[in-house]
Amino acid sequence: MSRYDPATIEPKWQAAWDKALTFKASDDKTRPKYYVLSMFPYPSGRIHIGHVRNYTMSDVIARYKLASGHNVLHPMGFDAFGMPAENAAMANGGHPKDWTYTNIGDMVEQMKPMGWSFDWSRMFATCDPEYYGQQQALFLDMLEAGLIYRKNAMVNWDPVDMTVLANEQVENGRGWRSGALVERKELTQWFFRISDFSDELLEGLDGLDDWPAKVKLMQANWIGRSRGLQFAFSTVDAPDGFDRIDVYTTRPDTLLGASFVGISPDHPLARVLERDNAEVAAFVADCRRMGTSEEELEKAEKKGLDTGITVRHPFDTSVELPVYIANFILMDYGTGAIFGCPGHDARDHEFAIKYGLPIVESFEPVEGGIDIAAEPFVPQKSEKVRYTRLIAGAEIQTGEEAVDAAVAFCEANGVGQGVTKYRLRDWGLSRQRYWGCPIPVVHCDSCGTVPEAKENLPIELPYDITMDKPGNPLDRHPTWRDCACPSCGAPAVRETDTMDTFVDSSWYYARFTAPRATTPTDLAEADYWMTVDQYVGGIEHAILHLLYSRFFARAMIQTGHLPATSAEPFKALFTQGMVTHAIYQTTSDEGRPVYHYPETVTLKDGNGYLDDGTEVQITPSAKMSKSKNNVVDPVVIVDQYGADTARWFVLSDSPPERDVEWTASGAEAANRHLARVWRTVSEIAQADVPATAEDDALARETHKAIRDVTLGIESFGFNAAIARLYAFTNALTKSRAGTAVKRDAARALAQLMSPMTPHLAEEMWQMLGGDGLIANAPWPVADEAMLVEDSVTLPIQVNGKRRAELTVPADMLKDEIEKLVLAHPAVERALNGAAPKKLIVVPGRIVNVVA
RNA sequence: GCGGGCGUGGUGGAACGGUAGACACAAGCGACUUAAAAUCGCUAGGGCAUGGCCCGUGCGGGUUCGAUUCCCGCCGCCCGCACCA
């Protein structure tokens with residue numbers, strides 16, 4: 001008899017699906033739609049096992065929804081602009097475009113054998129002129145709608161990648177890709193007005209019931225809404241135009257504890273002072289030199305310089321507070337100026353001690369007893385405290401109550417107003433790189449900055465460039481850069497900055513609904529397909545990509561490219577865990593770590609040995625890394641075991657949101673199991689056994705499996721669904737039921753496995769004489785009548801501990817059960833002749849005797 | 001520092017407040033075989049006086065007839081943010 005042979009059956013069924021256009025999204029808009037999307041990959045040239053897990057998850061959903069009668073859209077494309085292509089070109093002398101398209105071809109070739117149900121007819125790469133040309137059209141519409149503007153600003157400069165970065169792309173003061181320490185630089189840049197949407201983006205999170213709470217929380221923190229008071233101090237002896245200094249505070253209740261005012265080195269007043277004060281100029285220059293990395297900030301001393309200017313306290317004009325320029329005040333938060341309250345702020349306390357400023361108490365613990373001079377008193381705002389210098393409200397109140405009362409009092413007395421501020425800054429989109437979407441504007445001597453005319457789109461990247469010199473090749477490409485002004489026709493120059501690659505991925509989900517449209521979207525298509533019903537991707541995009549996409553959906557509604565109903569582009573979000581692998585390490589004579597490939601290590605009783613017997617040190621469940629030699633290559637796995645085994649394994653063993661460790665033994669076991677299923681089914685297909693007494697039991701088992709696996713898939717409990725399929729397979733294999741019932745059970749098994757192991761499932765379906773492709777077969781529905789048991793086994797507890805069990809007819813009355821329970825020897829023994837205090841019978845579940 | 005999450009056998013993990021450890025890995029024993037591989041079967045939380053009993057879901061308390069699950073306080077690990085006024 002033949003064996004389970006994935007190398008034969010997998011290409012066969014892939015060809016069958018292709019031929020039948022099984023996974024092409026239908027134009028039939030009468031069917032309910034389901035849009036499932038996996039985050040598209042960067043075309044590095046190799047798919048990795050993490051992609052396999054990610055795409056298998058969306059594939060399970062897609063195939064399940066297709067079988068459940070939905071018109072499914074499950075597209076795939078490539079996030080194809082970005083630095084790696086330029087780096088490769090610089091290192092190896094090729095062209096970023098050639099490198100990228102070659103990689104895309106290679107990756108598609110590696111993806112197809114996995115059997116994912118992508119609608120490949122909709123595929124695009126963001127570096128296709130057809131895509132980025134529409135992105136340029138979108139840019140022009142957003143520019144016209146006032147959603148994009150240009151300004152001179154301090155920006156994050158990555159000296160290695162030689163480009164500007166958005167705030168979201170700076171991690172611990174380093175570039176998110178290069179890891180280089182980010183510098184501050186002043187440049188004229190294009191910005192998206194994402195901060196105008198701060199409130200909406202924050203409020204919108206509340207409606208995202210099917211997003212992980214963690215992601216919503218991270219976004220909420222990033223947006224960072226705070227409520228406070230903005231008011232002005234009037235100055236004494238300040239330069240012209242600075243008779244007031246605006247400050248923002250979230251603690252107006254401590255205003256009477258103010259002992260100084262601090263301004264940012266970038267504050268307009270500091271800038272005026274540095275012009276004719278050498279001391280100020282030196283100090284400010286020193287501040288700007290300071291890095292922004294975590295370590296540096298941690299170590300950096302809080303430094304200030306007394307400007308000699310003073311301000312009057314708004315509630316007691318006889319009090320004058322000194323104005324310091326301080327290195328820890330950020331110009332781009334609040335007003336770039338604060339009042340210092342050393343009594344109730346750790347940082348201000350440190351500053352006050354250093355410069356000998358007074359420390360004034362505003363409140364104390366209700367029970368008293370605090371030495372504000374020694375240590376600042378900074379309780380939670382929700383805690384009740386006793387105010388010793390009260391602005392408004394009760395003497396004893398919480399910080400929150402006091403802040404509200406203080407804001408109201410200040411407003412009533414004409415001292416400032418309550419305002420809401422956000423931490424979220426506008427998104428700088430200009431990048432000084434070649435391999436990105438050109439920003440479609442030109443600079444004309446007479447007209448200024450002019451949007452390119454839409455009929456000139458796409459503004460295509462020139463191919464004839466060289467990457468051998470640092471910097472942006474567009475800057476030194478005269479025939480591309482020089483152009484005619486779209487407004488007056490005079491000679492002008494193109495903008496040579498390109499767009500941040502996060503722009504490309506901020507609207508690709510919308511483009512997939514009409515990937516060949518000659519406008520960014522086709523509203524009718526977008527109206528039918530949007531929003532994405534299920535999005536699957538990594539948690540690492542919790543802020544960047546997911547926040548930008550939410551902004552873009554809103555911007556596209558404003559510019560008429562999406563229907564108003566799709567402000568939230570992703571209805572449900574699932575963040576999958578990684579696939580990890582053990583690291584095997586020895587130490588060289590020089591003391592350096594040496595990493596060994598898994599195939600060179602033999603495992604025995606949990607220890608690993610090299611061929612020569614040397615024991616290796618094992619780090620379990622580590623992130624895969626080429627330098628640690630612990631990468632699993634999907635291509636190798638497919639050659640060895642077939643795609644179905646790889647798909648089955650990455651879904652089993654761990655909940656999908658958690659990491660799963662790839663082990664050779666686990667993959668082998670998965671493969672063995674699939675071979676066992678194949679064998680069992682091929683036997684059943686050829687058997688001819690008449691009905692037996694076990695028929696009913698197997699039929700019931702089948703319907704229970706249908707119920708449990710369906711529930712598992714719907715709730716993303718893939719590991720639990722697979723565990724259930726193991727159990728069902730074992731039951732089927734061991735059952736002595738007749739062939740007719742066994743065939744029904746095997747057909748159900750094939751269908752329940754089909755989202756995970758689609759090729760094997762088609763093969764099983766064919767062996768069992770199923771109709772057409774299993775991919776199109778309607779999903780089985782559990783028969784309620786078959787789920788009802790005739791008899792139930794009730795555990796009997798005494799005082800909450802299980803002592804016995806009792807099998808009774810399912811419809812037995814409580815009274816009867818109670819009688820049987822009390823007569824049970826184990827219960828009699830436990831009660832020892834005494835009457836039970838209480839008897840709890842939960843029908844169909846459990847009995848508890850309270851002795 | 002602030003915010004969030006997680007602690008269950010040798011391992012990954014399962015368990016609407018209702019029989020803790022499903023399912024799988026690793027391990028051990030056995031069958032088949034000249035042998036090995038493959039396959040199949042069995043054992044398996046810990047302990048003990050083993051037809052039975054005791055302990056057990058990080059630790060300590062609480063709510064409940066009943067807690068891995070809910071509440072409070074610790075301990076440990078992981079993640080996010082962080083001079084944000």
Side-chain angles (χ1 to χ4, degrees), chain A residues 3 171-172 212-222 224 226 228-230 247-251 254 262 264 290 292 294 296-298 300 302 326-330 332-341 345-348 350-351 378 380 421-423 539-540 542-543 580 603-606 620-621 649 652-655 658-661 663-670 672-673 675-676 679 708 717 719-730 733-734 793-805 826 829 836-842 844-851:
Chain A
R3 295 177 23 232
E171 295 168 352
N172 291 333
K214 182 186 172 71
V215 173
K216 289 191 277 187
L217 187 73
M218 282 167 71
Q219 290 211 0
N221 289 342
W222 187 264
S226 68
L229 179 76
Q230 186 161 328
V247 301
Y248 171 69
T249 177
T250 56
R251 290 308 297 258
T254 66
S264 165
M290 189 180 72
T292 48
E294 189 181 18
E296 282 179 73
L297 289 175
E298 204 74 4
K302 311 233 168 327
N327 63 349
F328 56 84
I329 300 171
L330 307 173
D332 54 5
Y333 190 82
T335 60
I338 63 160
F339 78 80
C341 179
D345 182 281
R347 187 194 55 206
D348 294 349
E350 191 187 322
F351 193 83
V378 191
Q380 296 278 311
K421 296 257 184 218
Y422 300 89
R423 209 182 73 123
I539 185 83
E540 67 273 18
I543 293 172
T580 60
L603 296 175
K604 177 82 183 135
D605 295 342
S621 207
F649 181 79
S652 64
D653 286 356
S654 278
R658 237 183 273 180
D659 292 351
V660 65
E661 180 165 8
T663 61
S665 56
E668 271 162 32
R672 262 201 313 275
H673 176 73
R676 194 157 46 228
R679 210 163 44 238
D708 294 349
N719 58 324
I722 284 183
R724 193 66 187 76
L725 284 167
Y726 270 108
F728 180 45
T729 306
N730 291 342
T733 307
K734 285 178 186 153
T793 300
L794 299 176
I796 302 173
Q797 294 183 335
V798 178
N799 293 331
K801 279 185 182 160
R802 185 184 164 279
R803 285 296 128 124
E805 53 181 41
R829 196 163 51 233
K837 286 205 189 100
K838 205 171 174 184
L839 195 55
I840 291 131
V841 179
V842 185
R845 284 228 161 258
I846 203 166
V847 181
N848 193 9
V849 182
V850 185

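We name chains A, B, ... by the order of the sequence lines, and we start the count at 1 in each one. Computed from heavy atoms alone, side chains included, the values below leave out hydrogens, waters and symmetry copies.
Nearest heavy-atom pair across Ser652(A) and Val660(A) is O-CG2, 3.9 Å. The two residues Thr335(A) and Tyr248(A) make their nearest non-hydrogen contact at OG1-N, 3.7 Å. Residues Tyr333(A) and Tyr422(A) come closest through the heavy atom pair CE1-O, 3.8 Å. The two residues Ala542(A) and Gln219(A) come nearest to each other via the heavy atoms O-NE2, 2.9 Å. When all heavy atoms are compared, the tightest approach of Asp348(A) to Phe339(A) is OD2-O, 4.1 Å. Summarising the geometry of Val849(A) relative to Pro836(A), their closest heavy-atom pair is CG1-CB, 3.9 Å, with the distance given to 0.1 Å.
The gap from the P atom of A67(B) to that of A20(B) amounts to 10 Å, rounded to the nearest Å. With P as the reference atom, U19(B) and G10(B) are 23 Å apart, rounded to whole Å. C42(B) sits 12 Å from C23(B) when the P atoms are compared, rounded to a whole Å. Rounded to the nearest Å, the gap between the C1' atom of A82(B) and that of G4(B) is 15 Å. Taking atom P on both G73(B) and C53(B), the two are 39 Å apart, rounded to the nearest angstrom. Nucleotides C25(B) and C78(B) place their P atoms 30 Å apart, quoted to the nearest Å. A distance of about 28 Å separates the P atoms of U43(B) and G58(B), rounded to the whole Å. Comparing the P positions of G12(B) and G7(B) gives an interatomic distance of 12 Å, to the nearest angstrom.
Distance CZ (Phe351(A)) to P (C83(B)): 17 Å, rounded to an integer number of Å. Tyr333(A) places its OH atom 5 Å from the P atom of A85(B), with the value rounded to the nearest Å. Look at CG on Asp708(A): it is 11 Å from C1' on A22(B), rounded to the nearest Å. For the pair Arg802(A) CZ and C55(B) P, the computed distance is 16 Å after rounding to whole Å. Between Phe339(A) atom CZ and C83(B) atom P there is a gap of 20 Å when expressed in whole angstrom units. Here G66(B) presents its C1' atom at 15 Å from NZ of Lys837(A), a figure rounded to the nearest Å. Computed from coordinates, the Arg803(A) CZ to C53(B) C1' distance equals 8 Å when rounded to whole Å.
Comparing A26(B), C23(B), C83(B) by their nearest atom to the side chain of Phe328(A) picks out C83(B). When distances are taken from the side chain of Arg829(A) to each of A85(B), G52(B), A82(B), the shortest belongs to G52(B). Checking G80(B), A85(B), C25(B) against the side-chain heavy atoms of Ala669(A) singles out C25(B) as nearest. With A26(B), A85(B), G18(B) as the choices, the nucleotide that has an atom nearest any side-chain atom of Ile846(A) turns out to be G18(B). With G80(B), C83(B), C81(B) as the candidates, the nucleotide lying closest to the side chain of Arg423(A) is C81(B).
For the pair Ile840(A)/Val847(A), no side-chain contact is recorded, criterion being any heavy-atom separation below 4.5 Å from C-beta on. You'll find the side chain of Pro795(A) reaches within 4.5 Å of the side chain of Ile846(A), heavy atoms only.
A residue-by-residue look at Arg845(A) and Gly666(A) shows that Arg845(A) has its nearest nucleotide of RNA chain B further toward the 5' end.
Consecutive pairing runs in RNA chain B reach the stem threshold at B:1-7 with B:75-81, B:10-12 with B:23-25, B:27-31 with B:39-43, B:45-48 with B:52-55, B:58-62 with B:70-74, where a stem means at least three Watson-Crick or G-U wobble pairs with distances under 3.5 Å.
Glycosidic conformation at G66(B) (O4'-C1'-N9-C4 for purines, O4'-C1'-N1-C2 for pyrimidines): anti, more than 90° from 0.
Residues meeting the side chain to side chain donor-acceptor pair (under 3.5 Å) test with Asp345(A), sequence neighbours left out: none. Under the salt bridge (charged side-chain N to carboxylate O under 4.0 Å, His left out) criterion, Arg251(A) pairs with Asp253(A), sequence neighbours left out. Legend: residues meeting side chain to side chain donor-acceptor pair (under 3.5 Å) with Lys421(A), ordered by chain and number and at least two apart, are Gln230(A). Taking Arg676(A) as the reference, nothing meets the salt bridge (charged side-chain N to carboxylate O under 4.0 Å, His left out) condition, with sequence neighbours excluded. Not a single side chain to side chain donor-acceptor pair (under 3.5 Å) links Glu540(A) to another residue, sequence neighbours left out. Judged as a side-chain contact (heavy atoms from CB on, under 4.5 Å), and not counting sequence neighbours, the contacts of Ser621(A) are Thr580(A), Glu661(A). In terms of the side-chain contact (heavy atoms from CB on, under 4.5 Å) criterion, residue partners of Arg658(A) (sequence neighbours excluded) are, by chain and number, Pro655(A).
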TODO: Evaluate side-chain contact (heavy atoms from CB on, under 4.5 Å) for Thr663(A) paired with Phe649(A), printing each intermediate quantity in order.
DONE: CA-CA 9 Å; Thr663(A) 61; Phe649(A) 181 79; 4.2 Å; yes
TODO: Sugar-phosphate means primed atoms, P, OP1 and OP2; the rest is base. With that split, encode nucleotides 2-15 of chain B 5' to 3' as B, S or - using protein heavy atoms under 4.0 Å.
DONE: -SS-------BSS-
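At the heavy-atom level, Asp348(A) lies nowhere under 4.0 Å from the strands shown. As judged by a 4.0 angstrom heavy-atom cut-off over every strand, Ile329(A) is placed among the base-contacting residues. Across all strands, Ser652(A) comes closer than 4.0 Å to no nucleic acid atom at all (heavy-atom distances).
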Nucleotide N/O to protein N/O under 3.5 Å, stretch nucleotides 44-46 of chain B:
none

Between the protein and nucleotides 59-65 of chain B, list the N/O to N/O atom pairs that are separated by less than 3.5 angstrom.
unit_1	atom_1	unit_2	atom_2	d
C65(B)	O2'	Asn848(A)	ND2	3.2
C65(B)	O2	Asn848(A)	ND2	2.7

Under 3.5 Å, which N/O atoms of the protein pair with N/O atoms of nucleotides 36-43 of chain B?
unit_1	atom_1	unit_2	atom_2	d
U39(B)	O3'	Arg679(A)	NH2	3.4

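Taking CH2 of Trp222(A) as the start and CE of Met218(A) as the end, the distance is 9.5 Å to the nearest 0.5 Å.
Using cut-offs of 30° and 60° for the angle between ring planes, the His673(A) and Tyr726(A) rings count as tilted.
Put simply, the side chain of Ser264(A) gets close to the backbone of Ile329(A): a donor and an acceptor are under 3.5 Å apart.
Between Lys801(A) and C53(B) there is no side-chain polar atom (N or O) within less than 4.0 angstrom of OP1 or OP2.
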